[in-house]
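To start, the structure under review is shown below, and the notes come after it.
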Protein chains: 2
Amino acid sequence: MHSFTEENYLKAIYHLSDGNSKAVSTNQIAEMTSTKAASVTDMLKKLADKKLINYIKYQGVTLNESGIRAAVNIIRKHRLWEVFLVEKLGFKWDEVHDIAEELEHINSEHLINRLDDFLGNPATDPHGDPIPDRSGTIQHKKLVKISEMKQNDSGTISGVSEHSSVFLKLLEKLGLTLGTKITVTELIEFDGSIMLSAQTKELTISREVAKNILVIL
Amino acid sequence: MHSFTEENYLKAIYHLSDGNSKAVSTNQIAEMTSTKAASVTDMLKKLADKKLINYIKYQGVTLNESGIRAAVNIIRKHRLWEVFLVEKLGFKWDEVHDIAEELEHINSEHLINRLDDFLGNPATDPHGDPIPDRSGTIQHKKLVKISEMKQNDSGTISGVSEHSSVFLKLLEKLGLTLGTKITVTELIEFDGSIMLSAQTKELTISREVAKNILVIL
DNA sequence: TTATTTATTTAGATTAATCTAAAATTTGAA
DNA sequence: TTCAAATTTTAGATTAATCTAAATAAATAA
Ligand SMILES: [Mn+2]
Ligand SMILES: [Mn+2]
Ligand SMILES: [Mn+2]
Ligand SMILES: [Mn+2]
């Protein structure tokens with residue numbers, strides 16, 4: 001098995017490469033894992049020895065088959081635990097990430113599959129992110145940022161691309177939670193902010209907020 | 001906070017001292033944690049520095065106030081997770097210990113208290129062991145080994161002092177699970193084995209088995 | 001195309017947890 | 001009470017993960 005630390009590197013590489021579509025640099029990984037570049041280089045050598053990544057000095061890194069499988073499995077666990085915390089224990093969507101960061105490293109296939117069943121095999125986590133099934137398949141939905149919508153476009157909020165607690169709490173306060181139907185009523189040219197109607201209410205959000213809310217049209 | 005490893009030592013000391021009633025030796029700890037005596041000595045120095053134990057060279061060790069509090073909290077988490085695995089996820093009582101060994105190190109008071117409520121604040125775990133409440137109080141029941149019962153004594157199986165999977169599976173097969181009412185029908189002098197009736201059935205168990213089943217009279 | 005800046009790797013240390021072998025202390029049998 | 005056996009501690013190494021500082025390679029600006 002892989003150590004706690006190795007798992008975190010694999011997950012970081014996976015997320016930084018958008019599911020392995022691009023190579024990832026040493027500095028990016030250092031930033032994401034809050035370590036120094038020199039430490040990352042050491043770990044990349046180890047992961048390459050373990051045949052989990054394709055690594056050529058100075059050229060960046062990608063996950064190979066096994067690396068992807070390992071990373072996706074950790075993400076599956078993370079998201080299932082988040083569902084558990086929200087659906088069964090009553091946590092808010094902004095409170096679950098850090099606990100799931102710990103729970104995702106518990107190693108028992110039996111456990112995670114039973115948890116999956118117990119939760120009713122959910123398709124997405126509390127932030128709208130898809131949950132890989134036990135074979136590692138991920139069902140991606142076509143999501144669009146509110147900032148890319150045109151006037152009079154309508155859609156349903158189905159995800160967020162920023163997971164910080166401050167941001168999630170803000171959305172909660174604004175009533176812009178998952179499942180909410182919205183319509184863009186006006187694009188403000190001056191600062192790029194966006195007016196929209198969400199279930200009878202009217203509100204304006206900044207471009208920065210709009211960029212981080214994802215909808216299904 | 002304490003490291004994963006420190007937590008395991010604290011738990012080992014707690015269990016070996018029967019909840020702090022006796023001093024524990026270096027070798028006992030080494031045996032329980034599957035390490036060597038030299039490693040234990042190193043860790044005892046560290047735990048003493050952290051003011052979690054009373055340690056005098058060559059004289060054995062006891063937990064102090066904080067040490068007990070920390071150990072009991074880990075045991076609380078272990079037992080609550082075991083209840084979760086059995087009651088909610090459908091695990092058997094012989095399958096949960098190893099997973100709980102990992103889950104017990106997840107650190108979130110919020111999480112464990114919500115889990116406790118979700119489970120209906122259970123008093124005991126799947127093996128009959130009492131679950132400490134959030135203040136650290138443990139409700140001990142007066143339990144007697146079957147091997148100490150006299151002829152015609154009756155009682156309800158309420159705990160086990162051996163937690164191995166082989167033993168628990170055996171009890172399952174014999175129908176001697178928690179809550180089962182038994183009566184001792186005969187004590188076999190020859191080898192100390194014991195005949196008993198358990199819900200209409202008659203069966204004989206060895207002294208070795210009898211020593212590890214606990215009843216409330 | 002060369003020089004400078006930026007990114008990455010290497011070298012050498014550090015810390016936590018572990019080990020083996022040797023030294024010190026305690027126990028308990030004669 | 002004495003001394004051999006058992007227990008415990010110390011000394012010195014090892015491994016994983018990390019760091020800082022220095023060296024090397026790549027990118028880019030002049
Ligand atoms: Mn998360
Ligand atoms: Mn999530
Ligand atoms: Mn257990
Ligand atoms: Mn138990």
Side-chain angles (χ1 to χ4, degrees), chain A residues 1-17 22-63 66-67 70-71 74 101-102 104-107, chain B residues 1-17 22-63 66-67 70-71 74 101-102 104-107:
Chain A
M1 257 310 99
H2 315 122
S3 74
F4 189 102
T5 311
E6 288 165 350
E7 290 192 343
N8 282 336
Y9 275 92
L10 291 171
K11 194 173 46 136
I13 296 168
Y14 184 88
H15 280 131
L16 287 167
S17 66
K22 37 179 180 279
V24 175
S25 75
T26 300
N27 268 350
Q28 286 178 291
I29 299 170
E31 157 112 65
M32 174 149 299
T33 57
S34 301
T35 57
K36 295 299 158 74
S39 310
V40 173
T41 300
D42 283 347
M43 181 56 80
L44 292 181
K45 285 179 193 164
K46 198 204 291 191
L47 294 175
D49 284 349
K50 284 193 156 196
K51 306 250 194 300
L52 291 162
I53 61 174
N54 309 114
Y55 170 56
I56 308 168
K57 267 193 200 181
Y58 294 106
Q59 309 266 126
V61 66
T62 56
L63 297 174
S66 334
I74 300 160
E101 286 289 306
E102 295 194 50
E104 73 188 4
H105 300 288
I106 303 289
N107 272 316
Chain B
M1 257 310 100
H2 315 123
S3 73
F4 188 102
T5 310
E6 287 165 349
E7 291 192 344
N8 282 335
Y9 275 90
L10 291 171
K11 193 172 48 130
I13 296 167
Y14 184 88
H15 281 131
L16 287 166
S17 66
K22 38 179 177 279
V24 175
S25 77
T26 301
N27 269 351
Q28 286 178 290
I29 299 170
E31 157 112 64
M32 173 150 297
T33 57
S34 302
T35 57
K36 296 299 157 75
S39 310
V40 173
T41 300
D42 282 347
M43 181 56 81
L44 292 182
K45 284 180 193 163
K46 198 204 292 190
L47 294 176
D49 284 349
K50 284 192 156 197
K51 306 249 195 296
L52 291 162
I53 61 174
N54 309 114
Y55 170 56
I56 308 169
K57 266 193 200 179
Y58 294 103
Q59 310 264 126
V61 65
T62 57
L63 297 174
S66 334
I74 299 160
E101 287 290 304
E102 294 195 50
E104 72 188 4
H105 301 288
I106 303 290
N107 272 317

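Every chain is numbered from 1 and lettered A, B, ... according to where its sequence line falls, protein lines coming before strand lines. Treat the numbers as computed from the prediction; the structure is a model and nothing was measured.
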[X] versus [Y], closest heavy-atom pair with distance:
{"X": "A:N107", "Y": "B:E102", "value": "N-OE1, 3.4 Å"}
{"X": "B:A30", "Y": "B:A37", "value": "CB-N, 3.8 Å"}
{"X": "B:V24", "Y": "B:S17", "value": "CG2-CB, 3.5 Å"}
{"X": "B:K22", "Y": "B:L16", "value": "CE-O, 4.1 Å"}

Which part of the nucleic acid, if any, lies within reach of [X] when heavy atoms closer than 4.0 Å are counted: base, sugar-phosphate only, or nothing?
{"X": "B:T35", "value": "sugar-phosphate"}
{"X": "A:T5", "value": "sugar-phosphate"}
{"X": "B:F4", "value": "nothing"}
{"X": "A:T41", "value": "base"}

Between [atom2] on [N] and [atom1] on [X], what's the gap in Å once rounded to a whole number?
{"X": "A:Q59", "N": "C:dA7", "atom1": "CD", "atom2": "C1'", "value": "12 Å"}
{"X": "A:D42", "N": "D:dT20", "atom1": "CG", "atom2": "C1'", "value": "13 Å"}
{"X": "B:I56", "N": "D:dT7", "atom1": "CD1", "atom2": "C1'", "value": "17 Å"}
{"X": "A:M43", "N": "D:dT15", "atom1": "CE", "atom2": "C1'", "value": "12 Å"}
{"X": "B:E6", "N": "C:dT18", "atom1": "CD", "atom2": "P", "value": "10 Å"}

(message) By nearest atom, which of the nucleotides D:dC19, C:dT8, D:dA11 is closest to the A:S39 side chain?
(response) D:dC19

(request) Please determine, for the side chain of A:K45, which listed nucleotide (C:dA21, C:dT10, D:dT24) has the closest atom? (result) C:dT10

(message) On DNA chain D, compare the nucleotides closest to A:K57 and A:K36; which residue's is nearer the 5' end?
(response) A:K36

(request) Determine whether more than 12 heavy atoms belonging to other residues, nucleotides or ligands lie under 6.0 Å from atom NZ of A:K50. (result) yes

(message) Is it the case that atom CD in B:E31 sees more than 12 heavy atoms from other parts of the structure closer than 6.0 Å?
(response) no

(message) Just N and O in the side chain of B:Y9: are any of them under 4.0 Å from OP1 or OP2 of C:dT18?
(response) yes

(message) Does D:dT9 have its OP1 or OP2 closer than 4.0 Å to a side-chain nitrogen or oxygen of B:Y55?
(response) yes

(request) Check DNA chain D against residues 24-33 of chain B and give the residues with a non-hydrogen atom under 4.0 Å, in numerical order. (result) B:S25, B:T26, B:N27

(message) Does any part of the side chain of A:V40, heavy atoms only, come nearer than 4.5 Å to the side chain of A:Y9, both counted from C-beta?
(response) yes

(request) Scan every strand shown for a Watson-Crick or G-U wobble partner of D:dA30, both distances under 3.5 Å, and answer none if you come up empty. (result) C:dT1

